[in-house]
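Ligands are counted one by one from 1 in listed order, and the atoms in each one are counted from 1 as well.
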Amino acid sequence: MSAVLNEQAETEEVSIDRAALEARVAALREQFGELDGEELLRSAIDSEFIDHIALVSSFGAESAVLLHMVSRIRPDLPVIFLDTRKLFGETLRYRDDLIAKLGLTGIRTIRPDEEEVKKEDGNGLLWAREPDACCALRKTRPLNKALAEFDAWITGRKHFHSEGRAALPTIEHDGKHVKLNPLVKWNAEKIRGYMKEHDLPHHPLVEDGFLSIGCMPCTRRVEAGEDVRAGRWSGIAKTECGIHLGENI
Ligand code: SF4
């Protein structure tokens with residue numbers, strides 16, 4: 001087959017895949033549209049995507065809620081934790097404490113490729129020069145590789161985080177994956193209530209004013225009245241790292 005025909009066939013295949021994925025998301029919304037939280041997770045993990053779904057967790061300010069729900073459904077569910085090598089030490093210690101407390105056994109800690117880091121971010125300051133390139137190197141590419149074996153993934157995004165997240169659906173698709181946002185309609189009060197009810201520990205930086213916690217160089221405290229994510233990439237136009245921008249294909 002010529003290169004042109006090859007390319008055409010590949011394009012048609014991608015269109016068919018995308019149409020099939022869109023149809024699946026529509027069917028899932030019809031079936032599970034009213035569910036959220038643990039009910040939605042249970043349906044997805046135990047029936048719809050058995051062995052083909054992972055939770056992606058930052059072990060950040062609100063992560064304990066989904067991790068606790070997963071621990072009650074399937075403690076060995078794959079939980080992907082992206083260690084960018086730029087995280088706060090507090091996050092790594094909190095991760096270890098939560099894993100032990102909840103008995104999670106499916107943790108997969110992934111990191112950026114060492115050779116790529118040497119080549120593209122030799123002095124470790126790419127975040128200051130080109131934050132999008134830094135997020136691609138340290139977050140998007142490693143996550144794409146880790147998600148390749150799954151059909152669906154679970155995120156902790158919520159409407160109240162920022163204007164950009166205010167209209168997110170509970171079930172969506174992202175490239176080749178179905179993406180579930182089981183807590184998307186939860187507010188801060190409901191999260192606090194759940195954590196209190198289940199005696200879940202808070203990330204140690206929360207009481208210090210960090211309400212959304214990512215990499216150390218790109219996270220600051222949030223002032224009263226600011227969006228929860230106002231402290232992420234503060235001072236530049238960037239608001240998302242790229243893993244939620246349809247790049248996971
Ligand atoms: S959040 Fe900052 S340090 Fe982390 S990967 Fe993105 S640009 Fe790099």
Side-chain angles (χ1 to χ4, degrees), residues 54-64 66-67 78-96 98-99 107-148 150 153-158 160-165 168 174-175 177 179 181 202-206 208-223 226-249:
L55 167 65
V56 176
S57 180
S58 64
F59 286 80
E62 300 158 359
S63 300
L66 278 179
L67 291 163
V79 174
I80 299 173
F81 171 68
L82 188 46
D83 177 3
T84 62
R85 303 286 201 189
K86 293 285 184 189
L87 298 176
F88 290 91
E90 285 88 341
T91 298
L92 301 177
R93 287 190 285 280
Y94 182 59
R95 172 200 60 180
D96 294 343
L98 268 184
I99 291 170
I107 305 296
R108 300 183 185 190
T109 296
I110 60 167
R111 299 188 174 92
D113 182 276
E114 280 183 24
E115 286 307 310
E116 290 177 11
V117 170
K118 260 189 228 161
K119 205 167 132 196
E120 298 171 35
D121 191 12
N123 65 1
L125 293 174
L126 187 59
W127 61 270
R129 298 191 305 275
E130 288 181 73
D132 285 344
C134 185
C135 281
L137 168 69
R138 294 178 181 276
K139 292 188 170 188
T140 315
R141 270 148 42 194
L143 186 62
N144 283 346
K145 279 188 209 158
L147 285 174
F150 299 102
W153 57 297
I154 302 157
T155 92
R157 293 177 304 159
K158 300 167 194 76
F160 80 89
H161 282 168
S162 64
E163 256 182 55
R165 294 186 173 185
L168 282 177
D174 181 358
H177 297 97
K179 196 152 73 165
N181 309 308
H202 288 271
H203 190 299
L205 291 177
V206 169
D208 204 11
F210 292 83
L211 301 187
S212 174
I213 302 157
C215 294
M216 195 161 43
C218 304
T219 305
R220 67 153 171 81
R221 286 180 186 83
V222 172
E223 304 297 332
E226 285 187 318
D227 269 353
V228 167
R229 286 177 61 81
R232 306 290 294 276
W233 302 285
S234 180
I236 60 174
K238 186 173 171 66
T239 56
E240 297 280 353
C241 62
I243 66 171
H244 294 300
L245 298 178
E247 294 163 13
N248 296 297
I249 51 175

*Check whether any side-chain heavy atom of Cys215 lies under 4.5 Å from a side-chain heavy atom of Trp127, and answer yes or no.*
no
*What are the protein N, O or S atoms, given as residue plus atom name, that sit under 2.8 Å from atom 2 (Fe) of ligand 1?*
Cys218 SG
*Residue pair Glu115, Lys118: steps toward the salt bridge (charged side-chain N to carboxylate O under 4.0 Å, His left out) verdict*: CA-CA 5 Å; Glu115 286 307 310; Lys118 260 189 228 161; 3.3 Å; yes
*asked:* For residues 78-93, which residue pairs pass the salt bridge (Lys or Arg N to Asp or Glu O under 4.0 Å) check, not counting sequence neighbours?
replied: Asp83-Arg111
*asked:* Could you walk me through whether Phe81 and Leu87 satisfy the side-chain contact (heavy atoms from CB on, under 4.5 Å) test, starting with their C-alpha distance in whole Å, then the side-chain angles of each, then the deciding distance to 0.1 Å, before giving a yes or no?
replied: CA-CA 11 Å; Phe81 171 68; Leu87 298 176; 3.5 Å; yes
*Please test Asn181 against Arg165 for side-chain contact (heavy atoms from CB on, under 4.5 Å), starting from the C-alpha separation and ending with a verdict.*
CA-CA 11 Å; Asn181 309 308; Arg165 294 186 173 185; over 6 Å; no
*Which heavy atom of Ile110 sits nearest a heavy atom of Ala146, and at what distance?*
CD1-CB, 3.7 Å
